[in-house]
Undergrad: 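Have a look at this one before I ask anything.
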Protein chains: 2
Amino acid sequence: MPHPDAADLVLTDVLFALSDPARLELACRLTEGPLEVAACHPVGGEIPKSTLSHHLKTLREAGVVRNEPYGRQRRVSLRRDDLESRFPGLLAAVLSPALVEASPPR
Amino acid sequence: MPHPDAADLVLTDVLFALSDPARLELACRLTEGPLEVAACHPVGGEIPKSTLSHHLKTLREAGVVRNEPYGRQRRVSLRRDDLESRFPGLLAAVLSPALVEASPPR
DNA sequence: CGAACTGTTCAACTATTATCGAACCATGAG
DNA sequence: CTCATGGTTCGATAATAGTTGAACAGTTCG
């Protein structure tokens, strides 16, 4: 399961990966810490395993997340440091408004 | 020709609009100042007018650029302030690496 | 007005991406 | 080893996005 090197991250690929609401929301939750794949379903409800896996692939191939074996499961984590070194400030700028959108002011 | 209000900008739409190399590069050049549409062709060479217009539409509908009449032409400008107020730091984080990619270190 | 100039919109086609069931693979438990 | 569990990959289909020529619209200039 290939992951791009930190130095090879492509900005447009990262932006594209994060331009989907479900993927952005997941990236947001991953700031809290790694999650098993089963915990990566969108908040609203379950989606088919294959669909989820596809989104994870998009994020992984863009270099946004790492996906590694963990016991009999797999653990998904945000590549914070790699992203920060290649695109400083990007993650913070993208995820902080996403957090606000997730819990709109009332 | 509709432009979304600053308050209505949607993060995923902005990210998507900037996830295309030609559009990202244009946004980058727009930091230098407004451009007429004719000057918005990608650096490599000319593209059909309709294709360019379509990319401008994507950027405009996402709220990244403003497109207003200017004499017999149209002037395209970056919506810096609106983007900054809605998504602080995003533009800087996205466009500064884009500048680097445009002129790779030798 | 009418022609030239700049761009946008339309419509058709192509290409990429999303979705999802089914088949498949790896790991750990019994 | 065998089975159940947790995920990925495959293949087909649907949906969305990109590309383009041609038609159309607004502005200026003669």
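Within every chain, numbering begins at 1; the chains are lettered A, B, ... in the order of the sequence lines, protein sequences first and strands thereafter. Both backbone and side-chain heavy atoms feed into the values below; hydrogens, waters and symmetry mates do not.
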Undergrad: Determine the minimum heavy-atom distance between H55(A) and D20(A), stating which atoms define it.
TA: CE1-OD2, 4.0 Å
Undergrad: Find the distance K57(B):NZ to dA11(C):C1' and express it as a whole number of Å.
TA: 13 Å
Undergrad: Any protein N or O atoms within reach of nucleotides 3-8 of chain C? Criterion: under 3.5 Å, listing atom names and distances.
TA:
unit_1: dC5(C); atom_1: O4'; unit_2: R72(B); atom_2: NH1; d: 3.1
unit_1: dT6(C); atom_1: O4'; unit_2: R72(B); atom_2: O; d: 3.4
unit_1: dG7(C); atom_1: OP1; unit_2: V37(B); atom_2: N; d: 3.3
unit_1: dG7(C); atom_1: OP1; unit_2: A38(B); atom_2: N; d: 3.4
unit_1: dG7(C); atom_1: OP2; unit_2: A38(B); atom_2: N; d: 3.3
unit_1: dG7(C); atom_1: N7; unit_2: K49(B); atom_2: NZ; d: 2.7
unit_1: dG7(C); atom_1: O6; unit_2: K49(B); atom_2: NZ; d: 3.2
unit_1: dT8(C); atom_1: OP1; unit_2: N67(B); atom_2: ND2; d: 2.7
unit_1: dT8(C); atom_1: OP2; unit_2: S53(B); atom_2: OG; d: 2.8
unit_1: dT8(C); atom_1: O5'; unit_2: S53(B); atom_2: OG; d: 3.3

Undergrad: Could you state the CG-P distance from L26(A) to dA18(C), rounded to the nearest angstrom?
TA: 14 Å
Undergrad: Classify the nucleic acid contact of H55(B) as base, sugar-phosphate or nothing, counting any heavy atom under 4.0 Å across all strands shown.
TA: sugar-phosphate
Undergrad: So does N67(A) get a backbone contact from the side chain of R74(A), meaning a donor-acceptor N/O pair under 3.5 Å?
TA: yes
Undergrad: Starting at OG1 of T12(A), measure out to CG of L15(B) and round the result to the nearest 0.5 Å.
TA: 12.5 Å
Undergrad: In chain order, what residues pass the side-chain hydrogen bond (donor to acceptor under 3.5 Å, both in side chains) check against H54(B), with sequence neighbours excluded?
TA: none
Undergrad: Could you state the CG-C1' distance from L35(A) to dG6(D), rounded to the nearest angstrom?
TA: 15 Å
Undergrad: Nearest whole Å is fine: how far is dT8(D) P from R75(A) CZ?
TA: 15 Å
Undergrad: Atom CD1 of I47(A) to atom P of dG7(D): distance rounded to whole Å?
TA: 13 Å
Undergrad: Could you give the CD-to-P distance, from E68(B) to dG26(D), as a whole number of Å?
TA: 18 Å
Undergrad: Applying side-chain hydrogen bond (donor to acceptor under 3.5 Å, both in side chains), name anything that partners R80(B), two or more places apart in sequence or on another chain.
TA: none
Undergrad: Sequence neighbours excluded and cut-off under 3.5 Å, please list the side-chain donor-acceptor pairs for residues 84-100 of chain A, or say none.
TA:
unit_1: E84(A); atom_1: OE1; unit_2: G89(A); atom_2: N; d: 3.4
unit_1: E84(A); atom_1: OE2; unit_2: G89(A); atom_2: N; d: 3.2
unit_1: S85(A); atom_1: OG; unit_2: D81(A); atom_2: O; d: 3.4
unit_1: S85(A); atom_1: OG; unit_2: D82(A); atom_2: O; d: 3.1
unit_1: R86(A); atom_1: NE; unit_2: A7(A); atom_2: O; d: 3.2
unit_1: R86(A); atom_1: NE; unit_2: L9(A); atom_2: O; d: 3.1
unit_1: R86(A); atom_1: NH2; unit_2: L9(A); atom_2: O; d: 3.2
unit_1: S96(A); atom_1: OG; unit_2: A92(A); atom_2: O; d: 2.8

Undergrad: Rest of the hydrophobic cluster containing F16(A) (Ile/Leu/Val/Met/Phe/Trp/Tyr, side-chain heavy atoms under 4.5 Å)?
TA: F16(B)
Undergrad: Between H3(B) and R66(B), do the side chains contain a donor N or O and an acceptor N or O under 3.5 Å apart?
TA: no
Undergrad: Find the distance between SG (C40(A)) and CG (L30(A)) and round it off to the nearest 0.5 Å.
TA: 5.5 Å
Undergrad: Rounded to the nearest angstrom, tell me the gap between atom OH in Y70(B) and atom C1' in dG26(D).
TA: 17 Å
Undergrad: Give the rounded distance in Å between these two atoms: CD of E61(A) and P of dA18(C).
TA: 11 Å
Undergrad: Any residue in residues 12-25 of chain B with a heavy atom nearer than 4.0 angstrom to DNA chain D? Just list them by number, or reply none.
TA: F16(B), R23(B)
